[in-house]
There are 2 protein chains.
Amino acid sequence: MRKLDPVKHEKKRQEILGAAMRCFLRSGLKGASTAEICAEAGISPGHLYHYFDTRDAIVAALIEGRLEKVTEQLKAGIQGARSIVETLAPELEGQPGGAAAMALIFDMMAESKRNPEMGKIVNSHNRGIREILVEMLRYGQSRGEVEAKLDLEVAATTIMALMHGAKVVAMQNPKEAGKAMPVLRQLLVHLLMTPMESAGAEPPRAKKTVARARS
Amino acid sequence: MRKLDPVKHEKKRQEILGAAMRCFLRSGLKGASTAEICAEAGISPGHLYHYFDTRDAIVAALIEGRLEKVTEQLKAGIQGARSIVETLAPELEGQPGGAAAMALIFDMMAESKRNPEMGKIVNSHNRGIREILVEMLRYGQSRGEVEAKLDLEVAATTIMALMHGAKVVAMQNPKEAGKAMPVLRQLLVHLLMTPMESAGAEPPRAKKTVARARS
DNA sequence: CAGTTGATAGACCGATTACTCCAGTTTAAA
DNA sequence: TTTAAACTGGAGTAATCGGTCTATCAACTG
């Protein structure tokens, strides 16, 4: 008999995934066809299905891989000796891959809302990232870098919002976004160091509170 | 001879656009086929092309319409007597249409990076929205609601980042996002009322300014 | 070497794609 | 009423889609 080499198999798999990523970056998550992927990978159409059951399986593997990468980067950041702000600041800036990479991320997010299978993957990793952020914040509290009374869960969600928002403007208008980055960073600092009441403290739903800070 | 009725024609056009929007919400910007749109609109496939040259023309018209709507809403907000924070707060919350509407927005943003034609449309309207924000901020300065030294262009970009970020988390995790909303709102207040030097001036890197208002 | 099995290619499939063509109907000006 | 343009429906287009099938090749085992 003959035994298959799982290492080689996995290597080829990753090779195809790399080609697929290039195609998705170029043509979008729905725009890249299996034919395009095969051409980029230099394999025949039939051969593709020796490594992936369906086209969706490729997409799923790719999303999973990308999110794992982000998770690892954050984890590496938390272990480094840098402050939280320093760790998160790069995330506030543009994606390394540029606009195409961000466009692909938006494709993924949109897709995760329509394809339940990928929704599960994305949600799971989102939870993972938030947990890492919470851990990071907790560590920050122990160092006095983060306000002790801060609701870490809510803060983590807010930080994710800041990161995503930064990505959007970085994609749409890199020039202006560059200037806005330091401001976002200051907002992050403010968030970490200010005792905020996340909920409950807005019963004064005054409709007439128009003129506020007229000091 | 006979002349065509431009009013009736336009009405039917809008009708088809409405059907197309429902399809795009359901199946995504690339996922909805012309056949699906025709079925939803109750017309024959051939008939569709009496009103639109190509499928992309439908998408373009739809993007344009949606962005115009957002622009109008913001403009309406600025003319109302409410404060800036009150005007922008709804934008920080979820989209009325829910997750599907947000997913579609992400589709549009991603598409605008790949299709230059739509990139032009989206960029143009983004500029418009930022101008409205700047105008709003300037008015806020005249009322003392906004710090006088604030760089309005940069602030507007930052606000757009906050709004987009809020949309993302609202889509991915509506529950947590609801709790994070008041925090984002506080960040917005902080942004408007704090004299921020967008660049260069961040040497007061006070690391020990943790305890502030403990009242 | 023989035999088995993974690796690979490419023809091929029905379904679907955006889109076209044309014939029939309606409409209103001439 | 005549007539021609506008409206409408739906069959039909070539191309492409994701995916299957089979045949050949290559490599390892006995």
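A, B, ... follow the sequence lines: proteins, then strands. Residue 1 opens every chain.
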Student: With a 4.0 Å cut-off, would you call A/R138 and A/E131 a salt bridge?
Tutor: no

Student: Quick one: pull up CZ in A/F24 and CD in A/E36 and give me the separation to the nearest 0.5 Å.
Tutor: 9.0 Å

Student: May I ask you to say what A/S33 touches in the nucleic acid, namely base, sugar-phosphate or nothing, with a heavy-atom cut-off under 4.0 Å?
Tutor: sugar-phosphate

Student: Rounded to the Å, how far apart are B/I58 CD1 and C/dC19 P?
Tutor: 8 Å

Student: Please figure out whether A/H50 or A/A32 has its closest DNA chain D nucleotide nearer the 5' end.
Tutor: A/A32

Student: Round to the nearest Å and state the distance from B/H47 atom NE2 to C/dC22 atom P.
Tutor: 19 Å

Student: By the 4.0 Å heavy-atom rule, please label A/I43 as base, sugar-phosphate, or nothing.
Tutor: sugar-phosphate

Student: Out of C/dA7, C/dC19, D/dC7, which nucleotide sits closest to the side chain of A/Y51?
Tutor: C/dA7

Student: Taking the side chain as every heavy atom from C-beta outward, state whether A/Q186 and A/M181 have any pair of such atoms under 4.5 Å apart.
Tutor: no

Student: Within this structure, what is the NZ-to-C1' distance between A/K11 and C/dG6, rounded to whole angstrom?
Tutor: 17 Å

Student: Nearest whole Å is fine: how far is C/dT26 P from B/K12 NZ?
Tutor: 15 Å

Student: Can you tell which of D/dG19, D/dG10, D/dC17 lies closest to the side chain of B/P45?
Tutor: D/dG10

Student: Between C1' on C/dC19 and CG on B/D56, what's the gap in Å once rounded to a whole number?
Tutor: 13 Å

Student: Between C/dA7, D/dG9, C/dC19, which nucleotide has the shortest distance from any of its atoms to the side chain of B/S44?
Tutor: D/dG9

Student: Roughly how many Å is it from NE2 in A/H9 to C1' in C/dT5, rounded to a whole number?
Tutor: 13 Å

Student: Do B/L29 and B/L62 have side-chain heavy atoms sitting under 4.5 Å apart?
Tutor: no

Student: For B/Y49 and C/dA18, what is the distance between atoms OH and C1' respectively, to the nearest whole Å?
Tutor: 5 Å

Student: Just by distance, no angles: are the side chains of B/E10 and B/Q14 close enough, under 3.5 Å, to form a donor-acceptor pair?
Tutor: yes

Student: How close or far is atom P of D/dC7 from atom NZ of B/K8, stated in whole angstroms?
Tutor: 7 Å

